[in-house]
Amino acid sequence: MRKAVLVTGASSGVGLALCKRLLEEDHELHLCLACRNRSKAEAVREALLASRPLAEVSIVQVDVSDLQSVFRASRELKQRFQRLDYVYLNAGIMPNPQLNIKALFSGLFSRKVIHMFSTAEGLLTQEDQITADGLQEVFETNVFGHFILIQELAPLLCHSDSPSQLIWTSSRNARKSNFCLEDIQHSRGQEPYSSSKYAVDLLSVAVNRNFNSRVWLFHQKPESLNPLTKYLSATTGFGSNYVMTQKYPEEEILGNSIMDLDEDTAEKFYQNLLELEKHVRATIQKRNHQS
């Protein structure tokens, strides 16, 4: 039986590269491209099948910044699949950054000048927008739309005989300093992308805890892993690819960089999302009833 894989944001960038790599590893997969632009997805599908004709490649149209689209796609997926073996939550957006002149000049005379120029943290600001759902666009696209997708697809994921795997694309740009539990959508901040990627890290930890009996995020058994480890794809100056990790502070003595997370904050964030989900579902239901 073919393994079924769902990849969001599969028509370009990391998502497209991921699809190619997946088919290299198993050319008989059923790969489902979850994309906002159907015409681009069709072109990608044809190209993938041209190189891997034994694969099965299908498309589901979904815009994770639009919850109605997420609900429609989820219904379609539940009609087409009995289970999903792997779900790669990859779709995301980054608003065009603008240089923060004030931060640039103040940073030149601070102890963080090297860090500032090596990471661009604080130098670049971004303008976010509000979606039709009344949510911050970056938050809904990068975090909440995917969260709702997971909730909706739970019947396809939670099989005790062979648990599914969720893999979430994060970023090295995730910063705790840009995230606040009192403003999870980053509506009052200027670095929504960094905030959303830190939120993704928190949510991954929380989903690990709450879904471990039903969904695995890694090849190994969940109980054998440190849940506060983040795997990063990196490239040397000579173009060689390698994987590095960010771990819990206790691992610092081994020379690894630290992932600044804690399970208590992750759980609080998860509960906040559950509350937001209730509110949004009620609003959408009321809107649909009125129309």
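Hydrogens, waters and symmetry mates play no part in the numbers below; they use all other heavy atoms, side chains included. Since this is a predicted model, take the numbers as computed values, not measurements.
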Asks: Starting from Tyr198, can I reach Leu181 by hopping between I/L/V/M/F/W/Y residues whose side chains sit under 4.5 Å apart?
Replies: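 Same hydrophobic cluster.
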
Asks: I need the Asn90 CG to His146 NE2 distance, nearest 0.5 Å.
Replies: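 That separation rounds to 7.0 Å.
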
Asks: I'd like to know if the side chain of Gln61 and the backbone of Arg36 have a donor-acceptor N/O pair within less than 3.5 Å.
Replies: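 Side chain of Gln61 to backbone of Arg36: a pair is present.
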
Asks: List, one per line, each side-chain donor-acceptor pair under 3.5 Å for residues 42-49, sequence neighbours excluded.
Replies:
{"from": "Arg45", "atom 1": "NE", "to": "Val57", "atom 2": "O", "distance (Å)": "2.6"}

Asks: Check the pair His186 / Tyr193 against ring pair (Phe, Tyr, Trp, His ring centres under 6.0 Å), numbers first and verdict last.
Replies: CA-CA 9 Å; His186 202 70; Tyr193 180 79; over 10 Å; no

Asks: Within the 4.5 Å heavy-atom criterion, are Leu77 and Cys32 side-chain neighbours or not?
Replies: yes

Asks: Specify the closest pair of heavy atoms between Leu202 and Asp262, including all atoms of both residues, with the distance to one decimal.
Replies: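 Scanning both residues completely, I find the closest heavy atoms to be CD2-O, 4.4 Å.
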
Asks: Between Arg175 and Arg172 (side chain of the first, backbone of the second, donor and acceptor by atom type, cut-off under 3.5 Å), is there such a pair?
Replies: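 Looks like yes, one N/O pair under 3.5 Å.
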
Asks: Any sub-3.5 Å donor-acceptor pair from Asn178's side-chain atoms to Ser194's backbone N or O?
Replies: no

Asks: Report the distance from atom CG of Leu157 to atom CD of Gln151, rounding to the nearest 0.5 Å.
Replies: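 Here the interatomic distance stands at 10.0 Å.
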
Asks: Nearest 0.5 angstrom please: Ile93 CD1 to Ser65 OG, how far?
Replies: 6.5 Å

Asks: Answer yes or no: is there a side-chain heavy-atom contact under 4.5 Å between Val60 and Arg80?
Replies: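 Yes. Closest side-chain heavy atoms under 4.5 Å.
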
Asks: Does any non-hydrogen side-chain atom of Leu6 lie less than 4.5 Å from one of Tyr88?
Replies: no

Asks: Distance check, rounded to the nearest 0.5 Å: Phe144 atom CZ versus Glu277 atom CD?
Replies: 6.0 Å

Asks: Side chains of Leu84 and Val5, heavy atoms from C-beta outward: is any pair under 4.5 Å?
Replies: no

Asks: Is any NZ, NE, NH1 or NH2 atom of the basic residue among Asp264 and Lys268 found under 4.0 Å from an Asp or Glu carboxylate oxygen of the other?
Replies: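 The answer is yes: the pair qualifies as a salt bridge.
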
Asks: For the residue pair Val62 and Ser69, what are the closest heavy atoms and their distance?
Replies: CA-OG, 3.4 Å

Asks: Is it possible for you to say whether Leu33 and Val14 belong to one hydrophobic cluster, with membership spreading through side-chain heavy-atom contacts below 4.5 Å?
Replies: no

Asks: Measure the shortest side-chain to side-chain distance between Gln68 and Ile284 over non-hydrogen atoms and say whether it is less than 4.5 angstrom.
Replies: yes

Asks: Could Glu24 and Lys20 be called an ion pair, given the rule that one side-chain N must be under 4.0 Å from one carboxylate O?
Replies: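 Not counted as a salt bridge, because no side-chain N and carboxylate O are separated by less than 4.0 Å.
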
Asks: So which heavy atom on Val138 is nearest to which on Ser196, and how close?
Replies: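 Answer, listing the atom of Val138 first, then Ser196: CG1-OG, 3.7 Å.
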
Asks: Check Asp183 against Gly189 and note the closest heavy-atom contact, atom names and distance.
Replies: OD2-N, 4.2 Å

Asks: Would you please test Glu137 and Thr131 for side-chain hydrogen bond (donor to acceptor under 3.5 Å, both in side chains) and show each step?
Replies: CA-CA 5 Å; Glu137 185 179 29; Thr131 69; over 6 Å; no

Asks: Please round to the nearest 0.5 Å and tell me the distance separating atom CH2 of Trp168 and atom OG1 of Thr8.
Replies: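 Between atom CH2 of Trp168 and atom OG1 of Thr8 there are 9.0 Å.
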
Asks: Does a side chain donor of either Ser204 or Asp201 reach within less than 3.5 Å of an acceptor in the other side chain?
Replies: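 Judged by distance alone, the side chains do not pair up.
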
Asks: Looking only at non-hydrogen atoms, find the nearest pair between Leu89 and Val87 and report the distance.
Replies: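 Of all heavy-atom pairs spanning Leu89 and Val87, the closest is CD2-CG1, 3.6 Å.
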
Asks: Please report the C-alpha distance between Leu16 and Ser11 in whole Å, then the side-chain angles of each, then the deciding distance to 0.1 Å, and finally whether the side chain to side chain contact (heavy atoms under 4.5 Å, CB included) criterion is met.
Replies: CA-CA 5 Å; Leu16 176 56; Ser11 61; over 6 Å; no

Asks: Kindly compute the distance separating CG (Asp26) from OH (Tyr86), expressed to the nearest 0.5 Å.
Replies: 8.5 Å

Asks: Side-chain donor-acceptor pair under 3.5 Å between Gln136 and Ser187, yes or no?
Replies: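 Gln136 vs Ser187: no donor-acceptor pair found between side chains.
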
Asks: Mark yes or no for whether Arg2, through its side chain, and Glu28, through its backbone, hold a donor-acceptor pair below 3.5 Å.
Replies: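 Such a contact is found between Arg2 side chain and Glu28 backbone.
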
Asks: Distance-only, no hydrogens or angles: does the Asp133 side chain make a donor-acceptor pair with backbone N or O of Leu67 under 3.5 Å?
Replies: yes

Asks: What's the shortest heavy-atom distance between Lys3 and Asp85, and which atoms?
Replies: CA-OD2, 3.3 Å

Asks: Assess the residue pair Asn210 and Glu267 against the criterion (side-chain hydrogen bond (donor to acceptor under 3.5 Å, both in side chains)); give the C-alpha distance rounded to whole Å, side-chain angles, the decisive distance to 0.1 Å, and a yes or no.
Replies: CA-CA 9 Å; Asn210 289 277; Glu267 186 62 27; 3.1 Å; yes

Asks: Any Lys/Arg nitrogen of Glu152 or Arg281 sitting under 4.0 Å from an Asp/Glu carboxylate oxygen of the other?
Replies: yes

Asks: Any side-chain to backbone donor/acceptor pair from Ser195 onto Glu191? Under 3.5 Å, distance only.
Replies: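 No, because the side chain of Ser195 does not come within donor-acceptor range (under 3.5 Å) of the backbone of Glu191.
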
Asks: Given 3.5 Å as the limit, does a donor-acceptor pair link the side chain of Lys197 with the main chain of Pro192, or not?
Replies: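 Answer holds: no.
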
Asks: With side chain to side chain contact (heavy atoms under 4.5 Å, CB included) as the criterion, how do Gln271 and Leu274 come out once you've worked through the C-alpha distance, each side chain's angles and the decisive distance to 0.1 Å?
Replies: CA-CA 5 Å; Gln271 295 302 323; Leu274 291 177; 3.7 Å; yes

Asks: Would Ser58 and His30 count as a side chain to side chain contact (heavy atoms under 4.5 Å, CB included) here? Give the steps.
Replies: CA-CA 8 Å; Ser58 60; His30 182 164; 2.9 Å; yes

Asks: For Leu23 and Leu31, run side chain to side chain contact (heavy atoms under 4.5 Å, CB included): C-alpha distance rounded to whole Å, both residues' side-chain angles, the deciding distance at 0.1 Å, then the answer.
Replies: CA-CA 8 Å; Leu23 292 180; Leu31 179 62; 4.1 Å; yes

Asks: List the residues meeting side chain to side chain contact (heavy atoms under 4.5 Å, CB included) with Ala199, not counting sequence neighbours, and say none if there are none.
Replies: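 For Ala199 the side chain to side chain contact (heavy atoms under 4.5 Å, CB included) partners, ignoring immediate neighbours, are Val143, Phe179, Phe269.
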
